[in-house]
Undergrad: 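Below is the structure I would like to discuss, written out as C-alpha cells.
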Amino acid sequence: MFNVAQSVADNKDTWVIPIEMAIAGCTAASSLGYEVCKGAVNEMAYIALDSLSDHYLDPEYMCYTLDMCTSPSYYNANFTNWLTKVFQDKPSSTQQPVSSGETFLFGQMTDMHIDMFYQEGSNADCGIPECCREWLGKGNAGYWGDYNCDIPIRTFELGVKQMSELNLDFVMWTGDVPPHDVWNQSQTYNLQYQKIASDVFKKHFPETPVYTVFGNHACYPVNVYDPDNAGWLLDPISEMWGYWLPESAKETIRAMGTYSIQHKNTNLRILAINTQVCNNLNFYLFKNVTDPNGQLEWIWNELAGAEARGEQVYILGHIPMGDSDCLNQWAERFNALVDRYSHIILAQYYGHTHKDHFFINRGVHDNKPKSIQWVSPSVTTYTNKNPSFRVFEADTSSFVLKNIHQYRLNIPQANKQTSPKYELAYSFLEYYNLQNLAPETIANWVEEMKHSEEKIMKWYQNYQTGGPDTPKGCNEACRNQTTCMLGNGLASAVAECKGAKASLLNTFLEALFGKWTYKRN
C-alpha cells in the first residue's frame with residue numbers, strides 16, 4: 001500500500017497539471033513573463049516533489065507514523081540534551097590572545113554575479129530579472145555597470161586587481177559568481193562562471209592564499225544542492241580552489257563542500273562552511289533536514305580541535321545565520337557552537353544579502369553578545385548597489401580585528417571614466433567613532449542607534465552601499481526594526497525582537513522541512 005502511494009507521487013505525469021497551474025500563477029502574479037516562470041518552475045518543481053515524496057511517503061516512515069509498524073522507529077532530536085553536551089566542558093575562564101600591537105591586512109569579495117553577456121549600451125530595464133544584454137535591445141547600460149543589472153567581468157577584475165595592490169595576507173571569496181538568469185542555467189553554465197572567477201583570482205593572487213566558499217547561486221538549479229549527490233559541483237571547484245589549498249582541504253570539499261585549514265603555519269584556523277545545508281530554498285533538504293552530511297558535527301569537532309591546540313578561528317560562509325534564508329533548527333545549533341567556542345572564534349564573514357551590515361550572535365543562556373557575523377556588500381550592482389570589496393585589519397599575533405576598510409565603486413561616476421577606482425568609502429572605527437570591534441562594543445553602538453536618527457542614518461548611508469535605495473530618514477519604528485536586525489544573530493530572534501511572526505513563506509517552508517528526526521532500527 002505504502003509503496004503504491006510513493007510510486008504515484010514519483011510519477012511525473014501525476015504533477016503535469018499542478019505544475020502548469022503553478023507556471024500560470026507565477027505569470028499572472030508577477031511581471032516575470034511566461035518563459036521565465038516556466039523555466040524557474042520546471043527546474044525546481046520535480047526536485048521539491050521528489051524530495052517530499054522520499055521523506056513523507058517513504059514506506060517505513062509512513063508505516064511508523066500511522067502506528068501500523070513499530071520498527072524501524074523515528075524520534076525527534078532533543079535540542080536541550082544536545083545543548084547540555086555542547087556546554088558541558090566549556091571552560092569557566094579563558095585567556096585572551098596576546099596582542100602584538102602590529103597589524104596585517106586581508107580582503108573579502110562576495111556576490112560578484114558577473115555576466116559574460118553584459119553589453120554596454122543595451123537595455124537596462126527589460127522587464128525580466130537579467131537585463132543589459134545585446135539581444136534585449138538598445139538602452140543606457142554603462143561601460144562598468146548599471147544598477148538594474150549584474151556586472152561585466154571587467155568591473156569584477158578591476159576590483160580584484162586593485163585588491164592585489166594592497167599587500168593583503170590572504171583573500172576571502174564568499175560565493176555567488178553566476179548572474180541572475182536563474183531560469184536559463186545549467187551545471188556547465190554555472191561551473192563556467194566559477195572557473196572565470198577562479199582564473200581572475202589566480203591571475204592577480206598567484207602566491208597569496210584565496211579562501212573560498214560557494215553560494216546558493218553556484219548550484220543548479222539555484223538554491224538546490226543535494227548533499228548526497230553534489231559531485232558535479234564539488235569535484236571541479238575542489239580543483240579550482242585547490243590551487244591555494246592542500247590535498248586535505250580538497251578532500252573535505254569533495255565530501256561536503258567544507259574545509260578547515262591552518263593559515264600559513266600561524267595560530268589562525270580558517271573554517272570554511274557550506275551554508276547550503278541551511279538554505280530554506282534548498283528543496284533537496286525536504287528529504288532529510290537533519291544535519292546534512294554531518295556538517296554541524298564536523299564543525300563541532302573542528303572547533304574542539306582548535307581549542308585543544310590553542311588556535312584562533314575565522315569562520316567563512318555565504319548565507320549568514322542571522323538571515324531568514326537560513327533554516328532555524330540549523331542556525332540555532334550553529335549559534336550554540338559559536339557561543340560555546342566564542343573565546344576562539346574571533347569573527348565570522350559572510351555575503352549573500354548584497355548589503356553592508358552585520359548580525360550579533362548572543363549567548364544561549366545569558367543573551368550576551370558573543371560574536372559578530374560581518375556581512376560584506378556585493379560586487380554586483382544588482383538591486384541598486386555600488387560594487388564593493390572589503391579590507392580587514394587584524395593584530396598579527398592575536399588575530400583580533402582592529403578595523404574594517406570598505407572600498408566602493410560609484411557606478412554613475414565610474415561610467416563617465418575610462419580608468420575608475422574603487423575608492424575608500426569609510427574606515428569603520430573612524431567613521432562610526434568606535435574604540436574597537438568587540439561584540440560588546442558593537443552591541444552598545446546598536447543600542448545607541450536605536451535612540452538616535454542621526455547615528456542610524458550614518459549607518460544607513462553604507463547599508464545600501466551609497467546607492468539609490470538609501471532612505472531619507474529613519475523614524476522610531478524604523479530604528480526599532482533595524483536595530484532588532486543588527487542586534488541579534490538568529491532570524492527567529494530578529495523576528496521576536498520586532499514583535500513580528502515569521503513570514504508565511506518561511507513558516508510554510510519550516511513546516512515542510514519538518515523536525516530534525518533520527519531513525520532507530
Undergrad: Give a yes or no on whether a salt bridge exists between Arg390 and Asp356, defined as a side-chain N under 4.0 angstrom from a carboxylate O.
TA: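 Yes.
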Undergrad: Please confirm whether the ring centroid of Trp173 lies under 6.0 Å from the ring centroid of Phe201.
TA: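 Yes - the distance between ring centres of Trp173 and Phe201 falls below the 6.0 Å cut-off.
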Undergrad: Between Phe389 and Tyr422, what is the ring plane arrangement, given parallel below 30°, perpendicular above 60°, and tilted in between?
TA: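 Taking Tyr422 first and then Phe389, their aromatic rings sit tilted (interplane angle of 30° to 60°).
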Undergrad: Salt bridge check, Lys195 against Asp199: does any charged N sit closer than 4.0 Å to a carboxylate O?
TA: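 Salt bridge between Asp199 and Lys195, a charged N being under 4.0 Å from a carboxylate O: yes.
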Undergrad: Without swapping roles, check the side chain of Asp291 against the backbone of Leu296 for a donor-acceptor pair under 3.5 Å.
TA: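 Yes; judged by distance alone, with no hydrogens or angles, the pair exists.
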Undergrad: Using a 3.5 Å distance criterion without hydrogens, assess whether the side chain of Asp176 forms a donor-acceptor pair with backbone atoms of His217.
TA: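 Checked: pair present.
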Undergrad: Testing the basics here: between Gln276 and Gly215, what is the closest heavy-atom pair and its distance to 0.1 Å?
TA: OE1-C, 4.2 Å
Undergrad: Is Cys497 close enough to Cys484 that their SG atoms are under 2.5 Å apart?
TA: yes
Undergrad: Just jot down the disulfide (SG to SG under 2.5 Å) partners of Cys219, sequence neighbours excluded, or say none.
TA: none
Undergrad: Decide side-chain contact (heavy atoms from CB on, under 4.5 Å) for Phe106 and Met172; before the verdict, give the C-alpha distance in whole Å, the side-chain angles of both, and the deciding distance to 0.1 Å.
TA: CA-CA 8 Å; Phe106 59 99; Met172 302 177 296; 3.6 Å; yes
Undergrad: Is there a donor-acceptor contact under 3.5 Å from the side chain of Thr208 to the main chain of Phe205?
TA: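 Checking the backbone N and O of Phe205 against the side chain of Thr208, no donor-acceptor pair under 3.5 Å is found.
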Undergrad: Judged by modelled atom types alone, do Glu496 and Asn488 share a side-chain donor-acceptor pair under 3.5 Å?
TA: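 Distance-only check fails for Glu496 and Asn488.
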Undergrad: Compute whether any side-chain donor of one residue and acceptor of the other, for Asn223 and Asn279, lie under 3.5 angstrom apart.
TA: yes
Undergrad: Could you tell me whether the side chain of His352 reaches within less than 4.5 Å of the side chain of Pro320, counting heavy atoms only?
TA: yes
Undergrad: Restricting to side chain to side chain donor-acceptor pair (under 3.5 Å), what partner residues turn up for Thr110, sequence neighbours left out?
TA: Thr174
Undergrad: So, does Gln373 use its side chain to make a donor-acceptor pair with the main chain of Gly489 at under 3.5 Å?
TA: yes
Undergrad: Decide yes or no on disulfide bond (SG atoms under 2.5 Å apart) for Cys278 and Cys326, but give the supporting numbers first.
TA: CA-CA 5 Å; Cys278 87; Cys326 183; 2.2 Å; yes
Undergrad: State whether the side chain of Asn293 and the backbone N or O of Pro227 hold a donor-acceptor pair below 3.5 Å, judged by distance alone.
TA: yes
Undergrad: When you compare the side chain of Asp115 with that of Tyr193, does any pair of heavy atoms fall below 4.5 Å?
TA: yes
Undergrad: Can a donor-acceptor pair be found between the side chains of Asp181 and Tyr189 at a distance below 3.5 Å?
TA: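 A donor-acceptor contact under 3.5 Å links the two side chains.
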Undergrad: Would you check if the distance from the ring center of Phe214 to the ring center of Tyr225 is below 6.0 Å?
TA: yes
Undergrad: Run the side chain to side chain contact (heavy atoms under 4.5 Å, CB included) test against Ser51 and tell me which residues pass, sequence neighbours left out.
TA: Ile47, Tyr284, Phe286, Lys287
Undergrad: For a salt bridge (Lys or Arg N to Asp or Glu O under 4.0 Å) check, start with the C-alpha distance between Lys450 and Glu476, then their side-chain angles and the critical distance, and finish with the verdict.
TA: CA-CA 8 Å; Lys450 184 177 180 179; Glu476 183 179 0; over 6 Å; no
Undergrad: Run the ring-ring contact (aromatic ring centres under 6.0 Å, His included) test on Phe392 and Tyr349 for me, step by step, so that the C-alpha distance in whole Å, both residues' side-chain angles and the decisive distance to 0.1 Å come before the verdict.
TA: CA-CA 11 Å; Phe392 294 90; Tyr349 308 95; 4.8 Å; yes
Undergrad: Please name all residues satisfying side chain to side chain contact (heavy atoms under 4.5 Å, CB included) with Lys355, sequence neighbours left out, ordered by chain then number.
TA: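 If we apply the side chain to side chain contact (heavy atoms under 4.5 Å, CB included) test to Lys355, skipping adjacent residues, the hits are Thr353, His357, Lys385, Tyr463, Gln464.
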Undergrad: Do the side chains of Glu165 and Lys161 get close enough for a salt bridge, i.e. N-O under 4.0 angstrom?
TA: yes
Undergrad: For the side chain of Asn475 and the backbone of Ala477, is there at least one donor-acceptor N/O pair under 3.5 Å apart?
TA: yes
Undergrad: Taking side chain as C-beta onward, heavy atoms only, is Trp516 less than 4.5 Å from Arg333?
TA: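 The answer is yes; the side chains approach within 4.5 Å.
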Undergrad: Indicate the atoms forming the closest heavy-atom contact of Ser238 with Arg254, along with that distance.
TA: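 Taking Ser238 first and Arg254 second, the nearest heavy atoms are OG-CG, 3.4 Å.
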Undergrad: If you define the side chain from C-beta out and look only at heavy atoms, does anything of Asn148 sit under 4.5 Å from Thr381?
TA: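 Asn148 vs Thr381: side chains apart.
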Undergrad: Keeping the roles fixed (side chain from Glu43, backbone from Val222), state whether a donor-acceptor pair exists under 3.5 Å.
TA: no
Undergrad: Please determine, by modelled atom types, if Glu157 and His204 share a side-chain donor-acceptor pair under 3.5 angstrom.
TA: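 Side-chain D/A pair, Glu157 to His204: present.
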Undergrad: Look at the aromatic rings of His113 and His354 and report parallel, tilted or perpendicular, splitting at 30° and 60°.
TA: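 Ring orientation of His113 relative to His354: tilted.
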Undergrad: My understanding is that only residues two or more places apart in sequence, or in another chain, count here; which of them pass side chain to side chain contact (heavy atoms under 4.5 Å, CB included) with Thr65?
TA: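 Side chain to side chain contact (heavy atoms under 4.5 Å, CB included) list for Thr65, sorted by chain: Tyr61.
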Undergrad: Going by ring pair (Phe, Tyr, Trp, His ring centres under 6.0 Å), name the pairs with one or both residues in residues 130-152, residues two or more places apart or in two chains.
TA: Phe117-Trp135
Undergrad: Flag the pair Trp374 / Phe358 as yes when their ring centroid distance falls below 6.0 Å, and as no otherwise.
TA: yes
Undergrad: Does any donor atom in the side chain of Thr380 or Asp150 lie under 3.5 Å from an acceptor atom in the other side chain?
TA: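 Checked: Thr380/Asp150 side chains pair up, N/O donor to acceptor below 3.5 Å.
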Undergrad: Do the cysteine sulfurs of Cys149 and Cys131 sit under 2.5 angstrom from one another?
TA: no
Undergrad: Using the ring centroid of each side chain, check whether Tyr382 and His180 are separated by less than 6.0 Å.
TA: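 Yes: the rings meet the under 6.0 Å criterion.
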Undergrad: Going through the checks in order, is the salt bridge (Lys or Arg N to Asp or Glu O under 4.0 Å) test met by Glu239 and Lys250?
TA: CA-CA 7 Å; Glu239 295 305 316; Lys250 292 166 65 176; 3.4 Å; yes
Undergrad: Taking the side chain from Thr275 and the backbone from Ile273, do they hold a donor-acceptor pair closer than 3.5 Å?
TA: no
Undergrad: Establish, from distance only, whether the side-chain atoms of Glu332 and Asn335 form a donor-acceptor pair under 3.5 Å.
TA: no
Undergrad: Within the distance-only criterion (no hydrogens, no angle test), does the side chain of Lys458 pair as donor or acceptor with the backbone N or O of Tyr431 below 3.5 angstrom?
TA: yes
Undergrad: Just by distance, with hydrogens left out, do Asp469 and Asn384 show a side-chain donor and acceptor under 3.5 Å apart?
TA: yes
Undergrad: Under the 3.5 angstrom rule, does the side chain of Thr155 hit a backbone N or O of Ile153 as a donor-acceptor pair?
TA: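 Flag not set: sc Thr155 to bb Ile153 has no pair under 3.5 Å.
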